[in-house]
Amino acid sequence: MNKVMKIENQFKVIRIAFSIAIALAIAFLIISFVSDDPLYTMYNFIIGPFTSINRIGNIIEVMTPLLFTAVGVCIMYSANMINMASEGAFFLGGVATAYVAVTYTMPSGIHPIISILAGGIVGAIVCGIPAIMHIKFNALPVVSSLMINYVCLYLGLFIVNYVIRDPQAGYMASYKFAKTAILPELFSKTNVHLGLIIGLAVVVFGYYFLMRSKWGYSIRMIGKNTSFAKYSGMNVTAILLSCQLIGGFIAGIGGAVEQLGMYNRFQYQKLPGHGFDGVMIAILARYNPKFVPLASFFLAYIRVGADVMARTSDVPVEIVSIIQAVIIIFVASERFLEGWKYRRIVKATKDTHAEAEKQVVGEA
Amino acid sequence: ATPKDGGNSSTDTNSGKDKTKVAVVINTNLGDKAFSDLVWSGVTRAAEDLDLEVKAFELLGDATRQEPTLTELSESGEWDLVVSGTFNLKEATQDAALEFPEQKFIVYDTEVDFAEDDYSNVVSVMSKQNEGSFLAGALAAMLTSSGIEGTNEEKVIGFVGGGENSAINDFLVGYIEGAKYVDPEVKVLYSYIGDFTNTAKGKELALAQYQQGADIVFAVAGSASLGALNASKEAGRLAIGVDQDHALNLEETDPETSKHIVTSVMKNLDVLIYDKIAEYVNGEIEWGKHIGAGLAENGMSLADNKYYREIVPAEIIEKVEEITEKVKSGEIEVPTAIGMSTEEVEAIKAKASK
Amino acid sequence: MNKVIDNTEYILRMENITKIYGNGFMANKNVNLRVKKGEIHALIGENGAGKSTLMKVLFGQEQPEEGKIFYKGEEIKITNPLVALAHGIGMVHQHFMLVPSLTVAENMVLGIEPKNKGFFNYQEAVRLTEEVSKKYNLPIDPRAKVKDLPVGYKQRVEILKILLRGVEVLILDEPTAVLTPQETEELFVQLRELKKQGYTIIFISHKLNEIKALCDNLTVLRNGRVTGTAKVADLTEQDISRLMVGRDVMLTIDKEEAKPKKTVLKVRNLTYKNSDNKAIVNNVSFSIREGEILGIAGVEGNGQREISSLITGLIENQSGEIKLFDEDITNISIRKIREKGVAHISEDRMTYGTVADASVEENIISDRYYKDDYNKYGLLDKKKIAELSNELIKEYRVKCDSKDAEIRTLSGGNIQKVVAAREFTSNPKLIIANQPTRGIDVGASEFIRKKLVSLRDEGAAILLISADLTEVITVSDSLLVMSEGKIVAYFEDTKNLTEETVGEYMLGIKKQTAEEIGGVCYE
Amino acid sequence: MEIILDSIFSTEFFFSVLRVATPLIFVSLAALVVKNGGVMCIAFEGMMLFSALGAVIGSAFSQSRLVGILVGLLLGMSISAIFAYFVLVLNSNGVLTGLALNILGSGGTVFMLYLISGDKGSSTALKSLIIPNVDIPIIKDIPVIGEILSGHNILTYVALITVVVVYILINKTPLGLRIRSVGENPHAAESVGIKVIKTKFIALMIGGFIASLGGIYMSMGYLPFFTRDMMAGRGFMGIAASNLGGGLTIPTFAAALLFGSAEALSNIMQSLRLPSEFMQMVPYIVTLIGLMLVGGNNKKLTFKKEEKNE
Ligand SMILES: Nc1ncnc2c1ncn2[C@@H]1O[C@H](COP(=O)(O)OP(=O)(O)OP(=O)(O)O)[C@@H](O)[C@H]1O
Ligand SMILES: Nc1ncnc2c1ncn2[C@@H]1O[C@H](COP(=O)(O)OP(=O)(O)OP(=O)(O)O)[C@@H](O)[C@H]1O
Ligand SMILES: [Mg+2]
Ligand SMILES: [Mg+2]
């Protein structure tokens, strides 16, 4: 059996490496179509992101909000509820934060905390709605949450427009956040802000909460078999709802941190997509927060890489989404190379048995 | 070769190094058949006439791309000029200008806060959309009861906006004011699509307005405007486009629709940007200044093409010219939504349906 | 390898079959199976011995790594079930392979749908169903939805399904596991009839009496290998179980006289109606004391499951009283009920008893994970939990890679042992054991029954619900018989009780007076 | 207010409901077929974008409607084929793959449009063809009804026919029976020799075909051109409608019409002086309310099972 485990582990690495290689090959193919110098373009895509502090900082900036939404999704999905409302939670959480950050005056230590909490609470409510609709009315969460995202978008835009809009801004944006609310930058020359630290803290919290605490255990069991959880004495509805609230809370904090760390006023006009990114990352991380930093770094890296490529060479920027989609689809394919793995395992098993028999014969 | 209006590749370069290099930052994307393409067309024309190397950087409306793009462009020292603009990019560009005082910026379609800091490496240009829109409103108000083909008895005109934001509302305010100036009894219907991509919804909203008696719809919604323009053909009514001369644009591929597009409100940003680039190349540019170009400065105008001439009766054309002169001379002062509070905008909107 | 055998008499030969699963598990190793035309051939072995695997290979659902299959003397390659069916080999699976929302007729013709100008010809499907049902004397309503059928009828549909496809060899993988004794008997009649008509049947079961009653020859599998083939008539049940398990197995249970003490559970006038307002449990009352096992015998589906669900809180009580140590436990949370000392072995171990995708350890702690004993610094105490799991795995002889192996990689018997390990070690004062040994091999069954008795001796009150009459009579101290939601008989002592007597009550041939039944109620 | 009531109780309004609902009818039927096959697919947005673009490109270059439709179907169905291959054969997570394909649809179409026309926002530089509106002989002369039902785009009628076709496919053909059986109990289907993956694949391809018709309607009927991101969430609305319809054809059709009405209503109600944001919410809120009202029915459906597998 040991041999088999070894093959399984090897295979995990090989499969991912292989799928990335294929995805890159496809990317290269597409790039060759449009670029005069595909090798240079490719270089910029793969190496480009690491060639300046600014760019590395950029990767981290892009990855920061994803840490939150992904951990939130890990928690929500572990209970086997496909709740896409992290997108709405992130957006509306940002709006709530903006509201607190522009309307109240508070001392600088407190202001960010209260603003972020406001974002978190709103996020929790947003993600709680599909759960309540599911528990009370048996409405399918994946559908209701997609609709709720749109409601969040327009509700948020309404608040920005009618409550906190800065007429002087010249475009649809809130007043500037109070200086006391802004999150400090961590490194000069980049926009990497305190949100990174908060995000990493959330990852650690998410890991211990989901994988090591009794609460997380019950969430995971509910996700795998609700009847069993009920039979074992778990309060299924309460836990189901609470984990959606917690997940939404974290996604909402993400929206808050992003606002206070990256911008000085609320200026989204559409859903930013970080909630959906969170879903992708959480799935890639197999709902284990431990792997979230790696997966979000990966996504941020290919995004920044593609951006750098679009900036420095002659390919249109839309190629970003193509490459991204191709890579994700390949990395997600579990049974890729399965036949090869199976053959290796069969062979290993036969060998093991043969050896064992030889030994028996030898001893006799 | 002529660069296509949607492309972001540079013009022919054979002796790349000694050419003046211009980077253009586009907040959304090229190919909107509206604002972004307009900016780009000014730049590409400059590139051809003045032999420049130009490249567009499209941010696809993603705010996280603003800072890295501007920093990188400025930091590289590769670009003689960075042309950046719209309200959304204003703050990021100002930051970059402060951080890299060596880098020169032309900022379009927003006003840089010259009073607040030292922006002696920046110049900003902006066209007053409210003034152009005023003319559109006046024109529509005159046409609605003129009896020309496509109009009806009722004094109702329409407006379809993309998302509700200040620029769109600036158009709307100018439009309402223009209509009311001509005839206070004209009713202005207005709707918002909610984004700038749902073209079909743009069409539906325009159709709904036609159904409610509007005969002319002014569509200000990026590429979603195309839906509203298409509706005019289907409803047999009239439409006014924005930012580009849509009648001429569609002439070849969809001549039927062109016949329903009375005119387009042109933001002559292309000209303004072209002029600034030319001044820079010739060493005549004055830094640290904002230019707000209205009708008087030729920053805005109505597209005057054969369709306009064909559809609009001569006396109305004359009237429009009169009004144009009055706005130019300052006799008519058009209010702007920029800087207006939401309540003030609401008050003007309330007037629309009276 | 094999000496000269007259192969012609065998309709089917599987030679040297080796099957390795994707996780590296060798489920069959050089297995040989020879089946004669027109016989009923038993395939037996412990849980996880590789019976189902071998049959799936034969049916084309799994591809063997090595080995050959000869059918009617010729080698055939069975690449998928269609090929098997085309050759005349059909399989009734251990678990129902039916589409619940479709009608019987639709299920019957799935994959071989009769057509009319390209459209599905439902009338023809109904006609075919009626035809085959008449031919084999297995009546069924072709237009009924499968989900509305009782288990026995579902089983019937499964058999008709393969008969319709014109098979000659029927593989029946534990067809009786979910059937009542009556249904089993009925099935046997049908199978013997089929045999008479020349059909060949491969029959898998863990119930030795069934093998004895029905089969001609048997092949025994252990750990993926054949350990013997024999004529059934030559063997006693004891012999067969020895072949299967490799040691002698107690087929009856050795236990001392019960010494009941305080009353633990009092159930009074319990009534439960389903959504159609039919009383599934009808005015049931009984009591159980410390140190005694009260059995409930009865044909399945007569309210036993609802009684256990009501006591353990899985379904909401509608009327009647359930008292644990004189305390009302109706409609309090399941957790509270469990904390008061109620343990529950559900009759459906895959739905309620375990999480298939979780590890053995995670399954073991589900009822106690939140307790202080297993938590440290706000997190689960990994060390304590590991200790507990390893201990229980050892004590309950759960065959698994490690405590981290996923439940679904265990065989059914071992899964049941995991359930038992959890439920029996929660210091239960009352154990509701619902079909605790269903579908489990003799060795594991013996183990669980012994455990139940020793828990009784330690003072637990036990309610044993079982459709297996032998089991329920031998293990219980006193016995209730249920029929149509009502208690129809009570026997204070099971010692001299025979299956026949109990059967008479079950089928309503005999009836006790209210007074006699009332004996089960005491304060 | 009066204007609005007049507008709603006009034949034009009911006419517009059908026009608005057409793409929704297509997607919801596509989602329905796929759902019956037990697959959870959220990639319709991407499929429709590709088919809409394909129709424009195909018809512009060949000047043939048929070629336009074929290219549209080809591109749209290749997205469903990719989805099917990765999810069914390579066991990729369905939600993840769906999200990725929607991203691909959004960026990939623009990229392709750029390669072909040098334009990024819309295809108005291409002289693509449209599928015309037609009057229905007899019906067109019936007062009121004629005005509502006649004069639509051919594809609107195709959508209505598709409702019937899908009903027959699912309920009256061997293939439909197989699709339902693999959706509900794949093991059962497998045990009688039905190839589960193949059947699901077919269901997805049929779904892709129908959704692609919806995409083609968007760029060859509803509008005469392609614009970036022009589906604007219609793919998701279709999934919602099929869900509201509980996996049954006629209720799904009704749900699509309901959403179409909500959308049409919200368009007209924009003339009320309410903040536009609220009007834009109307269709989504109607969906949510609908989901709550019919939620109970879903208990019996198999969609949840699939959810578990994800
Ligand atoms: N798909 C699979 N992947 C990996 N291992 C498997 C798979 N199916 C079965 N096994 C393993 O193969 C062994 C034999 O399984 P099989 O189903 O043949 O047992 P069985 O004799 O039918 O047992 P039971 O009496 O419990 O039905 C089991 O131990 C099981 O763990
Ligand atoms: N994918 C799998 N991976 C590992 N083991 C598997 C898998 N699928 C099934 N098995 C194992 O194969 C064995 C046989 O499965 P099957 O469903 O036929 O029987 P079972 O329910 O375990 O039988 P019984 O109830 O007789 O013990 C079981 O032990 C099951 O755990
Ligand atoms: Mg008029
Ligand atoms: Mg088995």
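Numbered from 1 within each chain, the chains take letters A, B, ... in sequence-line order.
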Do A:E258 and B:T64 have side chains that get closer than 4.5 Å, going by heavy atoms?
yes
Closest non-hydrogen atom pair, A:R311 against B:F57
O-CE2, 3.2 Å
Is it the case that the side chain of B:T342 and the backbone of A:N161 share a donor-acceptor pair, with hydrogens and angles ignored and the cut-off at 3.5 Å?
yes
Under the salt bridge (charged side-chain N to carboxylate O under 4.0 Å, His left out) test, which residues partner B:D113, sequence neighbours left out?
B:K90
Between B:E67 and chain A, with a heavy-atom cut-off of 4.5 Å, which part of the residue counts as in contact: side chain, backbone, both or neither?
side chain
Taking everything shown except A:Y162 itself, do over 12 heavy atoms lie less than 6.0 Å from its OH?
yes
Between A:Q267 and B:N88, which heavy-atom pair has the shortest distance, and what is it?
OE1-O, 3.9 Å
A:Y104 OH: over 12 foreign heavy atoms closer than 6.0 Å:
no
Examine whether an atom of B:A63 lies under 4.5 Å from a heavy atom of chain A, and if so say whether it belongs to the side chain, the backbone or both; otherwise answer neither.
both
Side chain to side chain donor-acceptor pair (under 3.5 Å) between B:S166 and A:R165: does it pass, once the steps are laid out?
CA-CA 10 Å; B:S166 309; A:R165 189 171 77 87; 3.0 Å; yes
Spacing of CG belonging to B:N165 relative to CG belonging to A:L157, to within rounding of 0.5 Å
10.0 Å
Nearest non-hydrogen partners of B:P68 and A:N54, listed with the distance:
O-ND2, 4.1 Å
Max heavy-atom pairs within cutoff under 4.5 Å with chain A, candidates B:Q66, B:E78, B:M340, goes to B:M340
If I measure from the heavy atoms of chain B, does A:N264 come under 4.5 Å with its side chain, its backbone, both, or neither?
side chain
Which one, B:R65, B:E75, B:E344, B:E72, leads in non-hydrogen pairs under 4.5 Å with chain A?
B:E72
Answer yes or no: is there a donor N or O on one side and an acceptor on the other, between the side chain of B:K55 and the main chain of A:S313, under 3.5 Å?
yes
Contact leader toward chain A among B:E346, B:E111, B:E343, B:E99, where contacts are heavy-atom pairs under 4.5 Å
B:E346
Inspect the contact between A:K270 and B:D195 and indicate whether a charged nitrogen and a carboxylate oxygen are less than 4.0 angstrom apart.
no
At a 4.5 Å cut-off on heavy atoms, which part of A:V163 comes close to chain B: side chain, backbone, both, or neither?
neither
Which atoms of A:R303 come close to chain B, meaning under 4.5 Å heavy atom to heavy atom: side chain ones, backbone ones, both, or neither?
neither
Taking atom OH as the centre, does A:Y175 end up with more than 12 heavy-atom neighbours from other residues, nucleotides or ligands that are less than 6.0 angstrom away?
yes
Which atoms of B:T69 are under 4.5 Å from chain A, going by heavy atoms: the side chain, the backbone, both sets, or neither?
both
What distance separates A:K176 NZ from B:E91 CD, expressed to the nearest 0.5 Å?
4.5 Å
Would you check, one step at a time, whether the test side-chain contact (heavy atoms from CB on, under 4.5 Å) holds for A:E318 with B:L60?
CA-CA 9 Å; A:E318 279 76 15; B:L60 304 182; 3.5 Å; yes
More than 12 heavy atoms from other groups under 6.0 Å of CD1 on A:I53
no
Which residues pass the salt bridge (charged side-chain N to carboxylate O under 4.0 Å, His left out) test with B:D170, sequence neighbours left out?
none
